[in-house]
Number of protein chains: 2
Amino acid sequence: MTVLNPSRIRIYDVATAAGVSIATASKALNDTGRMTGETRERVKRVAAEMGFRPNAMARALLSQRSFTVGLLTNDTYGRFTLPLMAGVSEALVDQGVSVFLCTVEDDPALAKVHVDAMLDKQVDGIIASGKRIDGRLPVDLSNLPIPVVYAFSSGPDDAVTLVSDDAQGSREAVRWLVGLGRRRVAHVTGPESFASVRERAEAYRAVVGGDGEVLYGDWSEAWGREAVDRLWSGPGAVSDAVFCGNDQIARGVVDALRERGLRVPDDVSVVGFDNWEIVAAATRPPLTTVDMNLKQLGREAGRLILALAGGQIVEPGIRKLPCQLVVRQSCGGIAPR
Amino acid sequence: MTVLNPSRIRIYDVATAAGVSIATASKALNDTGRMTGETRERVKRVAAEMGFRPNAMARALLSQRSFTVGLLTNDTYGRFTLPLMAGVSEALVDQGVSVFLCTVEDDPALAKVHVDAMLDKQVDGIIASGKRIDGRLPVDLSNLPIPVVYAFSSGPDDAVTLVSDDAQGSREAVRWLVGLGRRRVAHVTGPESFASVRERAEAYRAVVGGDGEVLYGDWSEAWGREAVDRLWSGPGAVSDAVFCGNDQIARGVVDALRERGLRVPDDVSVVGFDNWEIVAAATRPPLTTVDMNLKQLGREAGRLILALAGGQIVEPGIRKLPCQLVVRQSCGGIAPR
DNA sequence: GTCGAATGAGAAAAGGTTTTACCTGATTGA
DNA sequence: TCAATCAGGTAAAACCTTTTCTCATTCGAC
């Protein structure tokens, strides 16, 4: 029920209405300085009644803090960035911090424009993100006068970096399959050039032992289907489980298995990676898959950038956040309590 | 190659270095006022050498314009918002305008917090968006002291609103099917409670005439499969084409047809809606589908909010932007030149 | 040689808030 | 009674840029 004010009310108006000076009003509202409890309360009450909201520009000009952070990403599709953004926003909104989102594809010039714009606007920090953990943005953020946190993307070695723990997620998935009694687990994944792919494959091998089989391909359903053809057409014992590098591959695998007359999960268990709702839930049967907890990653990134902006020192280095297995129906088994 | 400055250079530093007053420096840099060409050039050169960038906060405080807009959405998944955002950003970035993105789900309290935060930060305008054209945000934006543009969402009748032209997109799709010689086109779509659904269905009926059949359901692949069962199990002539309300339904339809032994596109043509790359391209065969040109919608929204913020008057009302048929392989036929 | 106009440049105000330094009474301690 | 402390509050500076006056100089015209 705020009055619709033609021009915003300033602290001056509040001070006048409360019968004090501007300085006193400011101190009353910010719980600083010394004054009678009565005075403080009166000013606060008047301010609330008038719907006073301090001008963030003026405040920023003075404090050199804009209560604003930038989120820079080259993930135009938003698959990874949006959950991250949701987390960042959630961590910051009650501190009154807003988020500039800039998607820069892989255009260095555009990236520079956006970064400069953010610097002009005095963002308190920048969160650099992307579409793969070992990806880099097309712009150098290392000598900026403001803190930078890398979340789900790579930066310099001495940067503060947050990534999901691919190895742990991978272990979780494979152990789940093994725990269900699966003995021949194959791993169908993306291009070996991806760090995540190598890390997940390594963790997979560590669990299954020497007889693991890793098939590298691309991130598509088509590759998932093709991999099934390869696995099931060759000589030797066939697999009874497939651990996939992402949900799209997993969907391709599940479809191909069904078309071969193999039942999922009765004959073969399948696990995906990413928990991309739209794919995982639409697969028949819905996919058991590894969630990278991107929202949590975002919250953490928000927390860190705020700490850095507030002058706290944060140990540089890579922080790995755990993944979580989301159990649906493509493996059989029941979600652990 | 900017110098890494401990404290930013202010216009004062430029003025001093150039041997002029602050006022002259400002005027030189902004191409206002009168002075020798020589002076103007010298100031500009010095500013460039020093890497001077005016403090946006100070500028905003004075001009009451922050060169910042807010994009508010309840589309947490980002399916519609991200392309829109890309368009907005593209339209605004070379004007030096940055975008605050806030996703508010359906939480009125959270929405209010975000709107207030944006008002405090003096955004020059707000673009309200969502996940359906007839959806509304959980917050009232009608009496704000700044302009609001509704893009892919509904606002008051006297608002400036941008939506995609569902009827035209629908006509485009159905005519394409008819033009390919299809005679019995069915329409499988989402819940009738959606305005887009009704509008698309109406346009569909207008093209196919009295014998059109519309099946309402939800937006899922499962519903697409079920609809095929219904269409092909009943008595009477079967369809030779299906126009779907979105790409997920279309994918379900295509899968179900294949599983029935019907060939797409040889026996049945299928058209989707949304051009959701991840679904449309992964379908076998890839979907011919209607693209709502959300990026273009975003560009337009950016243009409009800027015009409004600049004081221009913009005719209120609903502006419909055309959709575009994207031809892939689920219909046969070749993309028109 | 003087007046008016045009030209180039600077001083100062404005924008809204926070913070520092200061001021006035009143109270306390000696 | 005097000095010292303290409570309660205020004026003014600072943040950085833009813009409006104002001033001084020069030039052309009479």
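Every chain is numbered from 1, with letters handed out A, B, ... down the list of sequences.
Ion pair A/Lys295/A/Glu90 flagged as a salt bridge, since at least one NZ, NE, NH1 or NH2 atom sits closer than 4.0 Å to an Asp/Glu carboxylate oxygen. Residues B/Arg59 and A/Asp120 are not paired through a salt bridge, judged by the lack of any N-O separation under 4.0 Å between the basic side chain and the carboxylate. Looking at A/Arg45 and A/Glu41, no side-chain N of the basic residue comes within less than 4.0 Å of a carboxylate O on the acidic one, giving no salt bridge.
Residues A/Lys121 and A/Ser66 fail the side-chain proximity criterion, which asks for heavy atoms closer than 4.5 Å. Contact annotation: the side chain of B/Arg319 approaches that of B/Val314 to within less than 4.5 Å [non-hydrogen atoms, C-beta and beyond]. The closest side-chain heavy-atom distance from B/Leu72 to B/Leu137 is below 4.5 Å.
Listed here is the closest heavy atom pair of A/Phe100 and A/Thr68: CE1-CG2, 3.1 Å. Taking every heavy atom of both residues into account, B/Phe80 and B/Asp75 meet most closely at N-OD2, 2.9 Å.
Of the listed residues (A/Gln296, A/Glu300, A/Lys320), just one forms a side-chain contact (heavy atoms from CB on, under 4.5 Å) with A/Leu162, and that residue is A/Glu300.
The stretch residues 28-44 of chain B touches DNA chain D through B/Asn30, each having a heavy atom under 4.0 angstrom from the strand. Listed by residue number, the members of residues 57-64 of chain A with any heavy atom below 4.0 angstrom from DNA chain D are A/Leu61, A/Leu62, A/Gln64. In the region residues 16-24 of chain B, proximity to DNA chain C at under 4.0 angstrom, judged on heavy atoms, holds for B/Val20, B/Ser21, B/Ala23, B/Thr24.
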Practice problem: I would like to know whether B/Val113 and A/Val93 meet side-chain contact (heavy atoms from CB on, under 4.5 Å); could you show each step before the answer? | Solution: CA-CA 8 Å; B/Val113 169; A/Val93 67; 3.6 Å; yes
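Judged as a side-chain hydrogen bond (donor to acceptor under 3.5 Å, both in side chains), and not counting sequence neighbours, A/Thr76 has no contacts.
Pairs passing the side-chain hydrogen bond (donor to acceptor under 3.5 Å, both in side chains) check and including a residue from residues 147-159 of chain B, sequence neighbours excluded, do not occur.
Within a 6.0 Å radius of CD in B/Glu105, no more than 12 heavy atoms belonging to other residues, nucleotides or ligands are found.
Distance, B/Asp13 CG to D/dT17 C1': 13 Å, rounded to whole Å. Rounded to whole Å, the distance from CZ on B/Phe67 to P on D/dT17 is 15 Å. In this entry the distance linking CD1 of B/Ile9 with P of D/dC15 reads 16 Å, nearest Å. The distance between atom CZ of B/Arg8 and atom P of D/dA14, rounded to the nearest whole Å, is 21 Å. Rounded to an integer number of Å, the gap from CD of A/Gln122 to C1' of D/dT17 is 12 Å.
Contact footprint of chain A on DNA chain C: nucleotides with an atom under 4.0 Å from a non-hydrogen protein atom, first to last in 5' to 3' order, C/dG16 to C/dT19.
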